[in-house]
Amino acid sequence: MADENMSKDLVNAAFEKKNAEEEQQQQEEEKIKEEDKATEGDIITFQRDGQQLEAVVTSSKLENSVVCDMTIMDDFHERNLDFEKTVVAHTNYSIKKRRDV
């Protein structure tokens with residue numbers, strides 16, 4: 001019985017360690033360097049509902065995302081999107097063009 005309890009404790013400890021390592025790796029992947037974040041006026045691209053979209057950042061004050069305006073796309077009205085603006089997480093976009101300073 002003691003051996004069985006020890007075995008369960010070892011399995012649980014290994015499981016907890018694996019979960020902690022995976023969580024730490026995920027947190028490191030999600031961290032975006034400040035210089036890699038979009039700022040107001042930058043043009044970004046991102047995927048939404050299987051479409052490649054483009055937008056200009058209108059607010060970058062959120063901690064984990066940006067607010068952007070998609071009406072800069074020439075075919076915005078043809079795409080039948082529900083909203084002109086949307087929120088995109090830092091991990092889900094790439095910067096196409098930095099704003100002109």
Side-chain angles (χ1 to χ4, degrees):
M1 183 92 121
D3 288 339
E4 188 176 315
N5 286 338
M6 181 184 273
S7 178
K8 286 181 182 179
D9 288 343
L10 288 172
V11 170
N12 286 339
F15 184 75
E16 289 174 9
K17 181 179 179 185
K18 183 176 186 268
N19 282 345
E21 289 172 352
E22 288 176 353
E23 185 176 302
Q24 182 179 5
Q25 181 181 3
Q26 184 179 11
Q27 288 174 350
E28 289 174 4
E29 290 174 358
E30 290 179 0
K31 288 182 183 175
I32 304 293
K33 295 179 184 174
E34 283 299 316
E35 62 266 15
D36 293 336
K37 292 180 182 179
T39 57
E40 292 179 27
D42 291 350
I43 297 175
I44 61 170
T45 61
F46 58 96
Q47 290 276 331
R48 178 81 39 95
D49 297 329
Q51 297 184 57
Q52 181 73 21
L53 302 174
E54 188 173 292
V56 62
V57 176
T58 58
S59 177
S60 58
K61 296 179 182 182
L62 301 172
E63 186 173 328
N64 297 315
S65 54
V66 294
V67 178
C68 56
D69 183 342
M70 298 179 290
T71 60
I72 66 163
M73 294 183 292
D74 292 334
D75 61 347
F76 172 78
H77 295 291
E78 288 83 40
R79 290 180 182 249
N80 294 323
L81 298 169
D82 293 333
F83 303 99
E84 293 178 353
K85 293 187 176 189
T86 191
V87 177
V88 184
H90 292 307
T91 56
N92 294 336
Y93 66 79
S94 59
I95 299 172
K96 181 176 181 180
K97 182 178 183 245
R98 292 282 186 183
R99 70 176 173 191
D100 296 329
V101 181

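All figures in this text were calculated on a predicted structure; none of them were measured in a lab.
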Quiz prompt | Salt bridge flag under 4.0 Å for residues Glu40 and Arg99 | solution = no
Quiz prompt | CG/Asp75: more than 12 non-hydrogen atoms of other groups inside 6.0 Å | solution = yes
Practice problem: Run through Ile44, Asp74, Thr45 and flag the one making a side chain to side chain contact (heavy atoms under 4.5 Å, CB included) with Glu54. | Solution: Thr45
Self-check item: For Arg79 against Gln51, the heavy-atom pair lying closest together
Solution: NH1-OE1, 3.0 Å
Practice problem: Answer yes or no: is there a side-chain heavy-atom contact under 4.5 Å between Leu53 and Leu81? | Solution: yes
Quiz item: If you link I, L, V, M, F, W and Y whenever their side-chain heavy atoms are under 4.5 Å apart, who else ends up in the same group as Val56?
Solution: Ile43, Ile72
Quiz item: Using links of under 4.5 Å between side-chain heavy atoms of ILVMFWY residues, direct or through other members, which residues join Val87 in one cluster?
Solution: Leu62, Val67
Quiz item: Is there a side-chain contact between Gln52 and Gln47 (heavy atoms, below 4.5 Å)?
Solution: yes
Quiz item: Can you find a heavy atom in the side chain of Cys68 that is under 4.5 Å from one in the side chain of Thr86?
Solution: yes
Self-check item: ring pair (Phe, Tyr, Trp, His ring centres under 6.0 Å) partners for Phe46, two or more places apart
Solution: none
Exercise. Sequence neighbours left out, what pairs pass ring-ring contact (aromatic ring centres under 6.0 Å, His included) with at least one residue falling in residues 47-83?
Key: none
Quiz item: In Å and rounded to the nearest 0.5 Å, what is the CG to NZ distance from Asn12 to Lys17?
Solution: 15.0 Å
Exercise. Mind jotting down which residue pairs meet the side-chain hydrogen bond (donor to acceptor under 3.5 Å, both in side chains) criterion with at least one end in residues 60-72? Sequence neighbours excluded, please.
Key: Asp69-Thr71
Quiz item: For Lys37 and Tyr93, what are the C-alpha separation, side-chain angles and deciding distance, and is it a side-chain contact (heavy atoms from CB on, under 4.5 Å)?
Solution: CA-CA 9 Å; Lys37 292 180 182 179; Tyr93 66 79; 4.1 Å; yes
Quiz item: Is it the case that more than 12 heavy atoms not belonging to Asn19 sit under 6.0 Å from its CG atom?
Solution: yes
Exercise. List for me each residue that meets salt bridge (charged side-chain N to carboxylate O under 4.0 Å, His left out) alongside Asp100, sequence neighbours excluded, and say none if there are none.
Key: Lys97
